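Report on the structure given below.
A quick note: this is a predicted structure, and the numbers were derived from the prediction, not measured.
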Amino acid sequence: LEAIGAEVVVADNHDPSALEAAFAGAAAVYGITTWSGSTFAADGSVRRPADVTSESLLASEVAQGLNIIAAAEAADVGHFVLQSMHRGGLREGEPSADGHRVDASVPAPLHHRAKWRQEEALRASSLRRWSILRQPTYLENFGNDALAAKGTRLRLLHPGVVSGLLAPETELTVIAVDDLGQIALAIMKEGDAYHGRTLAAGAE
């Protein structure tokens, strides 16, 4: 990034003052949080938090989003785009392809719930201009190359193979990181046209 002229700053999603300093002078911010609570060491290995309970991970991601939004407010960012997750899927009682019906007692994944709570905070914020960009899973999650997820059990998976809870015939919408970035950039460039709007992205 520095090689193409970008000014690189480093901040921690759990450090509001560092985020505010990083956002100073920014015309727009694309805010994204992580569900895992993990960080990366200098050698690329993953450092996991001590508490990986669902409650702790959910609280961690919500806190990250609230910090980012507050820092963007303090820095008076021109346009804030929040990366969120789709609210798609079957509705309660709607039959699936195999005739089963959705169990309403099963909550959405914690990652999705954390994003939706961030959406609520964004709508209540004092930001001058904001948008929400909901996405499906990243296409790159299916790469699993030799360098992916170093230091985790995910490295035991073969390249191109991902375990999950979908039936083989169930279609899954994905999006490539580059495509998502182009959409976010277009939203930022348009400015007022996308203020207060929620957009859903996905590949064919």
Side-chain angles (χ1 to χ4, degrees), residues 1-2 5-42 46-88 107-138 141 175 177 180-201:
L1 292 173
E2 288 179 332
E7 177 187 353
V8 177
V9 292
V10 177
D12 187 316
N13 283 353
H14 288 292
D15 186 343
S17 60
L19 287 167
E20 186 176 338
F23 294 164
V29 165
Y30 181 75
I32 183 169
T33 57
T34 177
W35 66 270
S36 70
S38 299
T39 57
F40 289 95
V46 178
R47 291 180 175 170
R48 298 281 283 162
D51 186 353
V52 292
T53 60
S54 295
E55 295 78 11
S56 177
L57 295 177
L58 177 63
S60 171
E61 183 164 13
V62 171
Q64 292 173 52
L66 298 182
N67 288 341
I68 291 172
I69 292 168
E73 287 179 300
D76 195 26
V77 168
H79 196 140
F80 183 90
V81 178
L82 176 68
Q83 183 264 316
S84 189
M85 299 296 294
H86 277 190
R87 286 180 177 260
L110 68 89
H111 186 40
H112 294 228
R113 286 181 281 140
K115 302 289 192 186
W116 301 337
R117 284 176 60 182
Q118 293 171 24
E119 289 186 13
E120 294 172 3
L122 180 60
R123 291 188 180 96
S125 74
S126 63
L127 285 161
R128 288 183 288 150
R129 193 184 295 117
W130 58 265
S131 308
I132 296 168
L133 178 56
R134 292 182 183 157
Q135 63 160 92
T137 189
Y138 295 117
N141 285 346
I175 192 164
V177 171
L180 191 67
Q182 291 294 328
I183 296 170
L185 183 60
I187 291 172
M188 292 173 176
K189 285 182 174 179
E190 290 294 328
D192 289 338
Y194 288 102
H195 169 57
R197 293 179 61 182
T198 300
L199 297 94

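- Looking only at side-chain heavy atoms (C-beta outward), Trp130 and Leu82 stay at 4.5 Å or farther from each other.
- The side-chain heavy atoms of Leu180 and Tyr30, taken from C-beta on, include a pair separated by under 4.5 Å.
- In terms of modelled atom types and a separation under 3.5 Å, the side chain of His86 and the main chain of Ala201 share a donor-acceptor contact.
- Considering all non-hydrogen atoms of both residues, Ala27 and Val77 come closest at O-CG1, 4.0 Å.
- With a 4.5 Å cut-off on side-chain heavy atoms, His195 and Arg128 do not count as touching.
- At a threshold of 4.0 Å, the pair Glu61-Arg113 does not count as salt-bridged, since none of the basic side-chain nitrogens sits closer than that to a carboxylate oxygen.
- For Arg123 and Glu119, the salt-bridge test passes: some basic side-chain N is under 4.0 Å from an acidic carboxylate O.
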Fill in: Verdict with supporting geometry, Arg197 and Ser131, side-chain hydrogen bond (donor to acceptor under 3.5 Å, both in side chains)
CA-CA 5 Å; Arg197 293 179 61 182; Ser131 308; over 6 Å; no

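- Residues satisfying the side-chain hydrogen bond (donor to acceptor under 3.5 Å, both in side chains) test with Ser125, not counting sequence neighbours, are none.
- A side-chain contact (heavy atoms from CB on, under 4.5 Å) with Leu122 holds for exactly one of Val81, Ile69, Leu66, Ile68; it is Ile69.
- Checking side-chain atoms of Trp116 against main-chain N and O of Ser84 turns up no donor-acceptor pair under 3.5 Å.
- Between Ala72 and Phe23 the shortest heavy-atom distance is N-CD1, 3.7 Å.
- A heavy-atom distance below 4.5 Å is not found between the side chains of Gln83 and Leu133.
- Partner Glu55 forms a side-chain contact (heavy atoms from CB on, under 4.5 Å) with one of Thr53, Leu58, Leu57 and no other, that one being Thr53.
- Put simply, the side chain of Ile187 reaches to within 4.5 Å of the side chain of His79, judged on heavy atoms.
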N/O donor to acceptor pairs below 3.5 angstrom from side-chain atoms of residues 7-16, sequence neighbours left out:
unit_1: Asp12; atom_1: OD1; unit_2: His14; atom_2: N; d: 2.7
unit_1: Asn13; atom_1: ND2; unit_2: Ile32; atom_2: O; d: 3.4
unit_1: Asn13; atom_1: ND2; unit_2: Gln64; atom_2: OE1; d: 3.1
unit_1: His14; atom_1: NE2; unit_2: Ser60; atom_2: OG; d: 3.2
unit_1: Asp15; atom_1: OD1; unit_2: Ser17; atom_2: N; d: 3.4
unit_1: Asp15; atom_1: OD1; unit_2: Ser17; atom_2: OG; d: 2.9
unit_1: Asp15; atom_1: OD1; unit_2: Ala18; atom_2: N; d: 3.2

